[in-house]
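Both counts, for ligands and for their atoms, begin at 1 and track the order of listing. Treat the numbers as computed from the prediction; the structure is a model and nothing was measured.
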Amino acid sequence: MLIVLLGPPGAGKGTQAARLATKYGIPQISTGDMLRAAVAAGTPLGKRVEGIMEAGELVPDDVMLEVVEDRLSQPDCALGAILDGYPRTAGQAETLDPLVQRIGQGRNSLVLVLDVPEEEVIRRISGRREEAGEAGKRDDDADHVVLERLRVYRELTEPLVEFYRDKGVMAEIAGIGTVDEIFDRMDATVREHLQG
Ligand code: ADP
């Protein structure tokens with residue numbers, strides 16, 4: 001089972017992806033975390049993407065496809081995965097389908113969209129920055145970069161909601177409430193999907 005989480009930055013995809021991963025026993029694949037790890041480790045990939053991430057822009061599709069294909073091909077993804085932060089562009093969405101067919105995970109795919117109003121997202125990300133303090137703060141949580149990430153989301157990623165709606169494998173989840181409430185909504189949708 002492949003579960004794709006879509007939603008704006010700050011929607012809580014990472015938190016919910018971790019919980020779904022635990023519950024369904026499949027790994028969480030967060031492309032943002034993978035790229036941040038590459039930057040921290042100073043790998044060639046990290047050096048390539050560092051400036052792009054700091055500016056709130058997107059890493060090119062061909063680079064991302066390689067990262068995601070490598071990761072999804074690992075043995076721990078044999079039963080599926082939760083994709084958090086991928087796909088983010090029409091190009092990524094178009095190559096994801098053949099990729100999951102190639103690695104034999106085509107069945108039971110589900111896209112969950114976390115709906116959170118933009119004002120709420122901005123409030124949450126500012127809160128995250130204050131809570132994290134100097135040590136834990138993300139370089140891309142500065143105000144102007146947050147606005148750029150939201151713009152990029154609206155322009156490039158949000159259209160994927162329609163793309164997946166047309167394919168009939170998409171469910172929208174209200175991303176407002178407590179973490180538990182939101183998780184319960186997502187979990188109920190996944191269970192329904194597995195039964196249906
Ligand atoms: P956010 O909380 O903004 O959704 P992520 O942690 O998912 O952030 O990603 C952080 C950054 O990593 C993005 O702003 C982008 O530069 C890069 N990135 C992550 N996933 C992708 C992707 N699928 N395509 C292109 N760039 C990506």
> How far is atom 26 (N) of ligand 1 from its nearest protein heavy atom, and which residue and atom name does that atom have?
Replying inline: V59 N, 3.1 Å
>> Using a 4.0 Å cut-off to any heavy atom of R36, which atoms of ligand 1 qualify?
In response: 6 (O), 10 (C)
> What residue and heavy atom of the protein are closest to atom 12 (O) of ligand 1, and at what distance?
Replying inline: M53 CE, 3.3 Å
>> Under 4.0 Å from a heavy atom of K13: which atoms of ligand 1 are those, numbered in the order shown and with their elements?
In response: 4 (O)
> With a cut-off of 4.0 Å, which atoms of ligand 1 are near a heavy atom of T31?
Replying inline: 19 (C), 20 (N), 21 (C), 23 (N)
> Residues two or more places apart in sequence or in another chain: which of them pass side-chain hydrogen bond (donor to acceptor under 3.5 Å, both in side chains) with E120?
Replying inline: R123, R124
> In the protein, what heavy atom is nearest to atom 23 (N) of ligand 1, and what distance, to one decimal place, separates them?
Replying inline: G85 O, 2.8 Å
> Where is the nearest protein heavy atom to atom 5 (P) of ligand 1: which residue, which atom, and how far?
Replying inline: R88 NH2, 3.6 Å
>> Apply salt bridge (Lys or Arg N to Asp or Glu O under 4.0 Å) to residues D76 and R71 and explain how you reach the verdict.
In response: CA-CA 9 Å; D76 64 330; R71 182 65 191 90; 2.7 Å; yes
> Which atoms from ligand 1 have a heavy atom of L35 less than 4.0 Å away?
Replying inline: 12 (O), 17 (C), 18 (N), 19 (C), 27 (C)
> What atoms of ligand 1 come within less than 4.0 Å of a heavy atom belonging to G32?
Replying inline: 5 (P), 6 (O), 9 (O), 19 (C)
> Quick one: nearest non-hydrogen protein atom to atom 15 (C) of ligand 1, plus distance?
Replying inline: E57 O, 3.4 Å
>> Tell me if a side-chain donor or acceptor on K13 pairs with a main-chain N or O of G7 at a distance below 3.5 Å.
In response: yes
>> R88 vs D61, test: salt bridge (Lys or Arg N to Asp or Glu O under 4.0 Å). Steps then yes/no.
In response: CA-CA 9 Å; R88 246 175 161 95; D61 286 352; over 6 Å; no
> Quick one: which ligand 1 atoms are inside 4.0 Å of a heavy atom on R149?
Replying inline: 1 (P), 2 (O), 3 (O)
> Between R19 and D180, is there a side-chain N and carboxylate O pair less than 4.0 Å apart?
Replying inline: yes
> Can a salt bridge be assigned to the pair R149 and E57 using a cut-off of 4.0 Å between side-chain N and carboxylate O?
Replying inline: no
>> Tell me the closest heavy-atom pair linking R185 and G175, and the distance in Å.
In response: NH1-N, 4.4 Å
>> If you compare all heavy atoms of P8 against all heavy atoms of V121, which two are closest, and at what distance to 0.1 Å?
In response: CG-CG2, 3.8 Å
> Of all the non-hydrogen atoms in the protein, which one sits nearest to atom 24 (N) of ligand 1, and at what distance?
Replying inline: Q92 NE2, 2.9 Å
> Can you tell me which residue and heavy atom of the protein come closest to atom 8 (O) of ligand 1, and the distance to 0.1 Å?
Replying inline: R138 NH2, 3.2 Å
> Looking at P87 and V4, what are the two nearest heavy atoms and their distance?
Replying inline: CD-CG1, 3.7 Å
